[in-house]
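Chain naming here is simple, since letters A, B, ... match the order of the sequence lines and numbering starts at 1 in each.
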Number of protein chains: 2
Amino acid sequence: MPKNDEIDRRILRELQRHARLTNVELAERVGLSASACLRRVQDLERSGVISGYHARVDPLAGGAGFIAYVTVALSSHTKENLEAFERTVAAAPQVVECHNITGATSYLLRVEVAGLQQYKKFHTETLAAVPGVAQITTHVLLATTKHRFD
Amino acid sequence: MPKNDEIDRRILRELQRHARLTNVELAERVGLSASACLRRVQDLERSGVISGYHARVDPLAGGAGFIAYVTVALSSHTKENLEAFERTVAAAPQVVECHNITGATSYLLRVEVAGLQQYKKFHTETLAAVPGVAQITTHVLLATTKHRFD
DNA sequence: GCTTCGCACGCAATATCCTTGCGAGATTGG
DNA sequence: CCAATCTCGCAAGGATATTGCGTGCGAAGC
């Protein structure tokens, strides 16, 4: 229901970078009164344009000393295999993101664990144990040189 | 400087999911008084454990109708090539994330654009134009089945 | 064992902020 | 041209953030 006008875009831009801005400061930045600004933000939240507010935590401080992007290929895309895989992924706390992508491998996971041993365990006992998983390729994260808001 | 005890972990857990929690409600959830809780949060911010607060915006509403994960391989890892590539990535607003990974391809990008035409343009005019880029593989995002906090 | 020091806590007070109701001006459609 | 609708700014009260202060607990040293 929001109008997607210049002010809304500015609100989104500011909140994407600084979600804990006070409403009055946000209002000043976008050139609105506090009440009008608040109502717009609430509209954006209700309509789902803003789906949530999240603190970004340093992975190391969060106990994630080993991060990898993992591509997974399924041998057969039967309904049972797909559901079993997605259920495993959803239940695994090590899997932080799961994307369905085109290409030779149909899934791209981001996995965060404490260290190499934990990854080995996850790899063999969790991922490889899912029926229909044909190929697992691990890409260890060396560095993140750009992130959405830095 | 934070102690990484049970209460800090609970604070981080709550703020990762609900960054706009009021401090008093956060204090109740973690079992602390408001002032003590606020001081811990400020410590976590100052020490860099919490690196920022961000609103999550629906990609479609944000104008990103086409999202892809793109792997890039460089022909030679000379200093000039690396720097040219990273400079291009840093300057390109379409690139939302850039990760340096192990494997046959050394970079994994997340690219968000309005549509296929815009992607084609980015692919040929921006990415392929960087000297030393040997291979570009595009994986179109079909769906994201799991994200850190859903 | 006792003392001292430092640290984190809770309480209280003030400044700031959020939130809602209300009336005015602008915009749209008939 | 008028009416309906929408969004705005203003104002008030209730909630919240933020700081100073005193207390208690645990660690280090004597």
Chemist: D:dA17 P sits how many Å from B:Arg40 CZ, rounded?
Modeler: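 In whole Å, D:dA17 P and B:Arg40 CZ are 17 Å from each other.
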Chemist: When clusters are formed from ILVMFWY side-chain contacts under 4.5 Å, directly or step by step, what else is grouped with A:Val96?
Modeler: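 Members besides A:Val96: none; it forms no cluster.
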Chemist: Once you round it to whole Å, what is the distance between P of D:dT18 and CZ of B:Arg46?
Modeler: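 Rounding to the nearest Å, CZ of B:Arg46 and P of D:dT18 are 11 Å apart.
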Chemist: In whole Å, what is the span from the CG atom of B:Asp8 to the P atom of C:dC9?
Modeler: 9 Å
Chemist: In terms of side-chain geometry, is the basic nitrogen of A:Asp43 or A:Arg40 positioned less than 4.0 Å from the acidic oxygen of its partner?
Modeler: no
Chemist: Between atom CG in A:Asp5 and atom C1' in C:dA26, what is the gap in whole Å?
Modeler: 15 Å
Chemist: Send over the distance from B:Glu6 CD to C:dC9 P, rounded to a whole Å.
Modeler: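 Between P of C:dC9 and CD of B:Glu6: 14 Å.
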Chemist: Taking ring-ring contact (aromatic ring centres under 6.0 Å, His included) as the cut-off, I'd like each qualifying pair that reaches into residues 23-45 of chain B, sequence neighbours left out, listed once.
Modeler: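 Qualifying pairs, neighbours excluded: none.
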Chemist: What integer distance in Å separates B:Glu45:CD from D:dA17:P?
Modeler: 12 Å
Chemist: Keeping to residues at least two apart or across chains, list the ring-ring contact (aromatic ring centres under 6.0 Å, His included) pairs with something in residues 18-55 of chain A.
Modeler: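 Of all non-adjacent pairs touching residues 18-55 of chain A, those that pass ring-ring contact (aromatic ring centres under 6.0 Å, His included) are A:His54-B:Phe149.
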Chemist: Quickly work out the A:Leu44 CG to D:dT7 P distance and round it to whole Å.
Modeler: 12 Å
Chemist: Other than A:Leu38, what residues sit in its cluster of Ile, Leu, Val, Met, Phe, Trp and Tyr side chains whose heavy atoms are under 4.5 Å apart, directly or through others?
Modeler: none
Chemist: Any N/O pairs under 3.5 Å between the protein and nucleotides 18-20 of chain C? List them or say none.
Modeler:
unit_1	atom_1	unit_2	atom_2	d
C:dC18	OP1	A:Asn23	N	2.5
C:dC18	OP2	A:Asn23	N	3.3
C:dC18	OP2	A:Val24	N	3.2

Chemist: Can you measure A:Ile7 atom CD1 to D:dT7 atom P for me and round it to whole angstrom units?
Modeler: 12 Å
Chemist: Going by ring-ring contact (aromatic ring centres under 6.0 Å, His included), name the pairs with one or both residues in residues 57-78 of chain A, residues two or more places apart or in two chains.
Modeler: A:Phe66-A:Tyr119, A:Tyr69-B:His99
